[in-house]
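Heads up, the thing below is written out as structure tokens.
Not measured: the values here are computed from a predicted model.
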Amino acid sequence: MKTNKSILFIVGTLTFLACSNNVKVKSKEALKKEIEFAMEHYIYAINSLNVDSVVDCWAVNSKFISANNDIDGKEELIDFLAPRYKDVTFVKLEANTLKLDVSDSLAVQLSEYSQTFSIGGGPKTSVTGRQITVWRKENETWKISLVNTIPSPSDTIH
């Protein structure tokens, strides 16, 4: 009886190892490409001035920190963006990744950004700065968990 249990244990262990060897671990480069794609999608959403598309890029329990704002979660983000997007007539956001560290389910990205926008058909305003974005996977999709924008000192909007 001991022999049968030992054989079953060995067979079970070998089966588990065989199955676990088939799990594909993504390379750092593949994960970085996923984040870059997610960031491109986010930039596209912002440039389209679609609040729902922008908010869809964010994790449920997310946080946005800037010189003038501290926003917790998607509901506050919607409350913040919706009235502002009604008055914005043009927006163009561009970002360039400076550094990106990534694991299977978490990534930290440092970017430089420049954004040009017009409110109510008025003159175009441009701001630049750096942004730290923390990404995490939710249901196999990269979502923004935290953003901290650091505007260039001359571009701080009050």
- After noting the C-alpha distance and the side-chain angles of V102 and K28, does the key distance pass the side-chain contact (heavy atoms from CB on, under 4.5 Å) rule? CA-CA 7 Å; V102 63; K28 293 278 186 199; 4.3 Å; yes

- Item | side-chain contact (heavy atoms from CB on, under 4.5 Å) assessment of K137 paired with L106 | CA-CA 7 Å; K137 274 205 176 169; L106 189 67; over 6 Å; no

- Would you please test E94 and K92 for salt bridge (charged side-chain N to carboxylate O under 4.0 Å, His left out) and show each step? CA-CA 7 Å; E94 296 176 334; K92 181 176 182 185; 3.2 Å; yes

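If you chain together hydrophobic residues whose side chains sit under 4.5 Å apart, I132 and I46 never meet in one group. Both V88 and V55 belong to a common hydrophobic cluster when Ile, Leu, Val, Met, Phe, Trp and Tyr are linked at side-chain heavy-atom distances under 4.5 angstrom. There is no path of hydrophobic side-chain contacts, each under 4.5 Å, that joins I35 to L98. Criterion: ILVMFWY side-chain heavy atoms under 4.5 Å apart, direct or through other members. Under it, V147 and I43 are part of a common hydrophobic cluster. V134 and L100 fall into different hydrophobic clusters, defined by Ile, Leu, Val, Met, Phe, Trp and Tyr side-chain heavy atoms under 4.5 Å apart, directly or through other members.
Using a 4.5 Å heavy-atom cutoff, the side chains of Y42 and V54 are in contact. Counting heavy atoms from C-beta outward, F117 and L49 have side chains that stay 4.5 Å or more apart. For the pair V127 and Y113, the minimum side-chain heavy-atom distance is below 4.5 Å. Residues T89 and I119 form no side-chain contact, since every pair of their non-hydrogen atoms from C-beta on lies 4.5 Å or further apart. Between S111 and M39 there is a side-chain heavy-atom pair separated by less than 4.5 Å. Considering only heavy atoms from C-beta on, T116 stays 4.5 Å or farther from T125 through its side chain. Looking at heavy atoms from C-beta onward, S105 lies out of side-chain contact with W135 at the 4.5 angstrom threshold.
Taking 4.0 Å as the cut-off between side-chain N and carboxylate O, E34 and K32 do not count as a salt-bridged pair. Taking 4.0 Å as the cut-off between side-chain N and carboxylate O, R136 and E138 count as a salt-bridged pair.
The environment of CZ in F90 is crowded: more than 12 heavy-atom neighbours from other residues, nucleotides or ligands sit within 6.0 Å. At most 12 heavy atoms of other shown residues, nucleotides or ligands fall within 6.0 angstrom of atom OH in Y44.
Q115 and V91 get closest at one heavy-atom pair: NE2-CG2, 3.2 Å. The two residues W142 and L31 come nearest to each other via the heavy atoms CZ2-CD2, 4.2 Å. Taking every heavy atom of both residues into account, S53 and N50 meet most closely at N-OD1, 2.9 Å.
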Could you give the side-chain donor-acceptor pairs of residues 56-65 under 3.5 Å, partners two or more places apart or in another chain?
{"unit_1": "S62", "atom_1": "OG", "unit_2": "A59", "atom_2": "O", "d": "3.1"}
{"unit_1": "K63", "atom_1": "NZ", "unit_2": "D70", "atom_2": "OD1", "d": "2.8"}
{"unit_1": "K63", "atom_1": "NZ", "unit_2": "D72", "atom_2": "OD1", "d": "2.7"}
{"unit_1": "K63", "atom_1": "NZ", "unit_2": "D72", "atom_2": "OD2", "d": "3.4"}

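In this structure, the side chain of N69 does not engage the main chain of I71 through any donor-acceptor pair within 3.5 Å. Side-chain atoms of N47 come within 3.5 Å of backbone atoms of L93 as a donor-acceptor pair (strictly under, hydrogens ignored).
Under the 3.5 Å distance criterion, with hydrogens and angles disregarded, no donor-acceptor pair is assigned to the side chains of T128 and E112. In summary, the side chains of E29 and S27 do not present any donor paired with an acceptor at a separation below 3.5 Å, with no hydrogens or angles considered. A side-chain donor-acceptor contact under 3.5 Å links T97 and Q109.
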